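Every value quoted in this text rests on a predicted model; they were computed, and no experiment measured them. By convention in this document, chain letters (A, B, ...) are assigned in the order of the sequence lines, proteins followed by strands, and residues within each chain are numbered from 1.
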2 protein chains.
Amino acid sequence: MPAQSSPPRTDSRPGGRSARVRAAVHQAVKELLADEAGDALTIPVVAARAGVHATTVYRRWGSVGELLADVATSRFSGDVVVPDTGSLREDLERYAYDLARDLSDPDTLALVRAIVGTGGEAAGVCRMERQRQLEAIIEREQGRGNEVPSIERAIETLLAPLYYRAVFTDQPLSPEWARSLVSHLLPK
Amino acid sequence: MPAQSSPPRTDSRPGGRSARVRAAVHQAVKELLADEAGDALTIPVVAARAGVHATTVYRRWGSVGELLADVATSRFSGDVVVPDTGSLREDLERYAYDLARDLSDPDTLALVRAIVGTGGEAAGVCRMERQRQLEAIIEREQGRGNEVPSIERAIETLLAPLYYRAVFTDQPLSPEWARSLVSHLLPK
DNA sequence: CCACTAACGCAACGATCACTGCGAGGTTCC
DNA sequence: GGAACCTCGCAGTGATCGTTGCGTTAGTGG
């Protein structure tokens with residue numbers, strides 16, 4: 001036994017071959033999800049759309065569920081910017097607006113719905129980043145010595161209506177409506 | 001051409017053969033959804049579990065999507081009883097409690113998540129009955145000449161947090177928490 | 001510059017899926 | 001009681017899916 005040589009270090013440097021096929025496969029998944037077909041989102045279909053062979057997808061991800069989870073993780077991580085205007089109300093309005101705008105994107109919405117459909121354990125990825133963002137805003141205001149609503153209340157008042165309306169209804173998530181949610185959390 | 005004889009009247013009388021098959025297939029779908037497998041919920045699997053032949057399922061429903069929609073429709077229709085205690089607050093608390101209890105059932109939750117995953121257009125079935133129930137409660141109170149919150153506010157304050165917590169998180173929907181939602185809608 | 005590792009393409013295989021005629025059984029209506 | 005209709009079971013077919021072994025290519029470190 002060769003004394004555990006090198007750990008399975010995946011080639012993920014930008015521009016590398018693995019990174020390219022990863023991006024292509026992710027893009028194919030998003031396109032197929034948005035492609036309003038309900039069609040089977042199966043590995044061979046994704047691979048064909050991405051221009052790679054199905055074998056590659058099977059080996060790297062194994063199943064549609066893991067592939068979806070990976071796409072969701074890379075979609076809902078990193079590219080969020082916590083608003084910081086100095087005013088809690090304004091921060092929360094920016095936050096609600098950003099989230100409404102994000103969930104209005106058909107690709108994102110289709111991804112969220114697909115993730116929910118895979119069993120829910122991976123659904124946390126779709127909201128965890130946003131929830132942390134919300135917590136950061138409130139904790140920062142708390143650090144300034146002001147009274148703040150509880151995280152739980154903020155989630156119920158902002159996150160829940162936004163996600164509920166996006167996922168379960170066809171009503172648009174207008175900026176005015178998103179801001180009105182903040183006015184119900186901070187009535188004064 | 002036989003001059004359109006009789007309309008396709010499905011044999012749905014209770015106890016009939018079609019009704020038995022339908023019930024068995026619906027039960028099989030619920031069991032497989034709750035069976036915590038993520039496994040493929042495919043027509044042959046459902047048929048085998050229901051003790052019928054796959055051909056029957058293919059002919060009556062055609063696809064997994066339509067089958068799921070049918071199961072959801074018959075699951076979320078009819079068996080709801082609108083609370084009527086004479087007090088708006090008590091009605092809403094009963095309502096929230098009933099809904100929390102309903103969504104706490106793993107079978108129901110799995111069905112909701114699966115419906116969402118199929119594309120969203122059928123997701124309305126999972127909430128429409130409940131929304132009508134909520135509207136009925138509020139309109140009845142309004143008929144008594146009292147001030148009432150808007151339907152939209154009630155949906156955002158009650159329906160949205162319940163569905164959000166059930167679908168996206170693993171937190172339990174405790175009766176106390178459900179009641180606390182009402183206290184935020186009716187603060188006085 | 002050269003060897004080594006890892007990721008990818010290729011071609012097969014078995015298994016399962018979705019679908020289609022055909023016949024049998026039960027229910028309804030005359 | 002008999003005939004028509006609908007529903008279901010049965011067997012077979014083509015297509016697709018998931019998986020595996022092997023050779024090739026790209027990227028990495030000495």
Side-chain angles (χ1 to χ4, degrees), chain A residues 1-29 32-33 35 37-70 74 114 117-118, chain B residues 1-29 32-33 35 37-70 74 114 117-118:
Chain A
M1 182 181 291
Q4 48 178 8
S5 53
S6 59
R9 148 191 56 84
T10 80
D11 170 21
S12 58
R13 291 178 35 186
R17 187 171 47 160
S18 288
R20 275 200 307 274
V21 308
R22 177 186 175 99
V25 170
H26 280 207
Q27 183 63 25
V29 169
L32 287 173
L33 280 177
D35 247 358
D39 52 347
L41 192 76
T42 164
I43 302 279
V45 174
V46 172
R49 180 112 183 185
V52 299
H53 270 66
T55 316
T56 302
V57 183
Y58 278 119
R59 280 203 249 263
R60 283 186 61 147
W61 288 278
S63 71
V64 180
E66 300 177 52
L67 176 54
L68 270 177
D70 188 45
S74 84
T118 60
Chain B
M1 182 180 293
Q4 48 178 5
S5 54
S6 59
R9 150 191 55 87
T10 79
D11 171 21
S12 58
R13 289 178 37 186
R17 188 170 48 160
S18 289
R20 275 200 307 273
V21 173
R22 179 189 175 96
V25 170
H26 280 207
Q27 182 63 25
V29 169
L32 286 172
L33 280 177
D35 248 359
D39 53 347
L41 192 75
T42 159
I43 302 279
V45 174
V46 172
R49 182 112 180 185
V52 300
H53 269 65
T55 315
T56 302
V57 182
Y58 278 118
R59 280 204 250 263
R60 283 187 58 147
W61 287 278
S63 73
V64 180
E66 300 177 50
L67 177 54
L68 270 178
D70 187 45
S74 83
T118 59

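At a threshold of 4.0 angstrom between heavy atoms, the contacts of A:T56 are confined to the sugar-phosphate backbone, with no base atom among them.
Regarding B:W61, its CH2 atom lies at a distance of 16 Å from the C1' atom of C:dA18, rounded to whole Å. Going from atom CZ of B:R20 over to atom C1' of D:dC8 covers 11 Å, rounded to whole Å. Straight-line distance from the CZ atom of B:R22 to the P atom of D:dC6: 18 Å, rounded to whole Å. Following rounding to the nearest Å, B:R60 (CZ) and D:dC6 (P) show an atom-to-atom distance of 14 Å.
In the helix from C:dC1-D:dG30 to C:dC30-D:dG1, the terminal helix axes, each the rotation mapping four pairs' C1' atoms onto the next four within five end pairs, subtend 30°, rounded to 10°.
A sub-4.0 Å separation between OP1 or OP2 of C:dC8 and a side-chain N or O of A:S18 is present. Phosphate contact (OP1/OP2 of D:dC10, side-chain N/O of B:H53, threshold under 4.0 Å): present. Here B:R59 does not reach the OP1 or OP2 of D:dG9: none of its side-chain N or O atoms lies under 4.0 Å away.
Taking all atoms of both residues into account, the shortest heavy-atom contact from A:P44 to A:A54 is CA-CB, 4.2 Å. Pairing each heavy atom of B:A50 with each of B:A24, the nearest pair is CB-O, 3.6 Å. When every heavy atom of B:A47 is checked against every heavy atom of B:H53, the shortest pair comes out as CB-C, 3.8 Å. Across A:I43 and A:S63, no two heavy atoms sit closer than the pair CD1-C, 4.0 Å.
Here B:R22 contributes atom CZ and B:L67 contributes atom CG; the two are 9.5 Å apart, rounded to the nearest 0.5 Å. Note that the CD atom of B:E66 and the OG1 atom of B:T118 stand 11.0 Å from one another [nearest 0.5 Å]. Separating the CZ atom in A:R49 from the CG atom in A:L41 is a distance of 11.0 Å, to the nearest 0.5 Å.
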Which atom pairs link the protein and nucleotides 16-18 of chain D when you take only N or O atoms and keep those under 3.5 Å?
residue : atom : partner : partner atom : Å
D:dG18  : OP2  : A:T42   : OG1          : 3.2
D:dG18  : OP2  : A:Y58   : OH           : 2.5
D:dG18  : O5'  : A:Y58   : OH           : 3.1

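Contact of the B:V64 side chain with the B:T42 side chain is not registered, since no non-hydrogen atoms from C-beta on lie closer than 4.5 Å. Two residues are said to be in side-chain contact when any heavy atoms from C-beta on lie closer than 4.5 Å; B:R60 and B:V52 fail this criterion.
You won't find any donor-acceptor pair under 3.5 Å spanning the side chain of B:T55 and the base of C:dC19, going by distance alone.
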